[in-house]
Amino acid sequence: MKIELQKWLRQDKHALIKICNSVERTYLSNRLPNPYTDEAADWWLEMVAENDGKTGIFRKIIADGEIVGNISVEKKSDVYSCDSEIGYFILAEKYSKGIMTEAVRQICALAFSTLDITRITGLVYEPNVASRKVLEKNDFVLEGVMKNAVTKNGKIYDLCVYGKIKQADI
């Protein structure tokens, strides 16, 4: 299976809306509107066009020619400006095929070479074992667990904090 990361383009709007309205949201931030509307897609695609390569790296995930997900690394600000946060999602029917593991590998290399950062942070709800494995396969280290840190759909979750430090050869 060929896995590529490509820049989001304005003509990807309908694919973005379809993916965002189809994705499993149990462990996603509420920052992703539900339902995902034309206006939300317009705002996001404009933000990406303005900020890609500057404050973040934003990519569509393509598996065998089909857009199947989204991945980004966004710089933090103020005293945390050397840090960034990775976020991603993929269609449920594409789970457990190695797509996200490869996408994370690719975006980490791109983010470290493009953005002025020394680390990438991954925040994962404790029961989201699949996402935790994706990070661990990409040399992210579990740095700690924040107890009762996330409330989602009436449930309280522990939050696993993962970190990946830029290596001198990246």
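Residues take their numbers from the sequence shown, with the count starting at 1. Computed from a prediction, not measured in an experiment: that's the story for all the values here.
For the pair Lys76 (side chain) and Asp83 (backbone), a donor-acceptor distance under 3.5 Å is absent. With hydrogens and angles ignored, the 3.5 Å screen pairs a side-chain donor or acceptor of Lys75 with a backbone N or O of Asp116. With Glu85 contributing its side chain and Gly87 its backbone, the two residues share no donor-acceptor pair below 3.5 Å. Side chain of Arg25 to main chain of Asn30: no donor-acceptor pair is present (N/O by atom type, distance under 3.5 Å, no hydrogens or angles). The main-chain N or O of Leu110 is found under 3.5 Å from a side-chain atom of Ser113 such that the two form a donor-acceptor pair. Between the side chain of Lys94 and the backbone N or O of Ile99, no donor-acceptor pair lies under 3.5 Å.
Counting heavy atoms from C-beta on, the side chains of Phe89 and Leu32 come closer than 4.5 Å. Side-chain contact between Arg132 and Phe140 is absent, with no heavy-atom pair separated by less than 4.5 Å. Contact check for Thr121 versus Val161: side-chain heavy atoms found under the 4.5 Å cut-off. Counting heavy atoms from C-beta outward, Lys164 and Phe112 have side chains that approach closer than 4.5 Å. No side-chain heavy atom of Ile165 sits less than 4.5 Å from a side-chain heavy atom of Thr118.
The line from CD1 of Ile3 to NZ of Lys97 is 11.0 Å long, rounded to the nearest 0.5 Å. Once rounded to the nearest 0.5 Å, the distance linking CG of Leu142 with CD of Glu126 reads 10.0 Å. The line from CD1 of Ile57 to CG of Asn51 is 10.5 Å long, rounded to the nearest 0.5 Å. In this structure, the separation between OG1 on Thr151 and CD1 on Ile156 is 5.0 Å, given to the nearest 0.5 Å. With values rounded to the nearest 0.5 angstrom, Leu115 atom CG is found 12.5 Å from Cys82 atom SG. Rounding to the nearest 0.5 angstrom, the gap separating the CD1 atom in Ile107 from the CD atom in Glu102 is 12.0 Å.
Taking every heavy atom of both residues into account, Leu135 and Gly122 meet most closely at CD1-CA, 4.1 Å. Closest non-hydrogen pair, Ala103 versus Ile61, comes out as CB-CD1, 3.9 Å. Nearest heavy-atom pair across Ile71 and Met100 is CD1-SD, 4.2 Å. Nearest heavy atom pair, residue Val68 against residue Ala63, reads CG2-CB, 4.1 Å. Ile120 and Ala111 make their closest contact through CD1-CB, 4.2 Å (heavy atoms, listed as atom of the first residue, atom of the second, distance). Between Ser84 and Ile117, the shortest heavy-atom contact is OG-CD1, 3.5 Å.
Hydrophobic clustering (ILVMFWY, side-chain heavy atoms < 4.5 Å, transitive): Val48 and Leu28 are in one cluster. Placement of Trp43 and Val23 within a single hydrophobic cluster is found when ILVMFWY residues are connected by side-chain heavy-atom separations under 4.5 Å, directly or transitively. Under the 4.5 Å side-chain contact rule for hydrophobic residues, Met1 and Tyr95 share a cluster. Trp44 and Leu5 are not part of a single hydrophobic cluster, where members link through side-chain heavy atoms under 4.5 Å apart. Linking ILVMFWY residues whenever their side-chain heavy atoms come closer than 4.5 Å, directly or via other members, places Met47 and Ile19 in the same cluster.
In the displayed structure, Met146 atom CE is contacted under 6.0 Å by at most 12 heavy atoms of other residues, nucleotides or ligands. The local environment of OH in Tyr80 is sparse, with at most 12 non-hydrogen atoms from other residues, nucleotides or ligands closer than 6.0 Å. No more than 12 heavy-atom neighbours from other residues, nucleotides or ligands sit within 6.0 angstrom of NZ on Lys18.
With Leu16 as reference, Leu45 is the one residue of Leu45, Asn21, Asp42 to meet the side chain to side chain contact (heavy atoms under 4.5 Å, CB included) rule. Each of Tyr162, Tyr27, Tyr125, Tyr88 was checked for a side chain to side chain donor-acceptor pair (under 3.5 Å) with Ser131, and the lone residue meeting it is Tyr88.
By the 4.0 Å N-to-carboxylate-O rule, Lys133 lies too far from Glu136 to be salt-bridged with it. A salt bridge does not link Arg59 to Glu4: none of the charged side-chain nitrogens sits closer than 4.0 Å to a carboxylate oxygen.
At a cut-off of 3.5 Å, with distance as the only test, no side-chain donor of Trp8 or Asp52 sits close to an acceptor on the other residue.
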Starting from the C-alpha separation in whole Å, work towards a yes-or-no answer on side chain to side chain contact (heavy atoms under 4.5 Å, CB included) for Lys13 and Asp38.
CA-CA 8 Å; Lys13 177 179 173 177; Asp38 276 1; 3.7 Å; yes

Side chain to side chain contact (heavy atoms under 4.5 Å, CB included) for Asp158 and Asn148? Distances and angles first, verdict last.
CA-CA 5 Å; Asp158 292 347; Asn148 297 328; 3.8 Å; yes

Using the rule given for side chain to side chain contact (heavy atoms under 4.5 Å, CB included), can you reason through Cys160 versus Val145, listing the C-alpha separation, both sets of side-chain angles and the distance that settles it, and then say yes or no?
CA-CA 5 Å; Cys160 298; Val145 177; 4.3 Å; yes

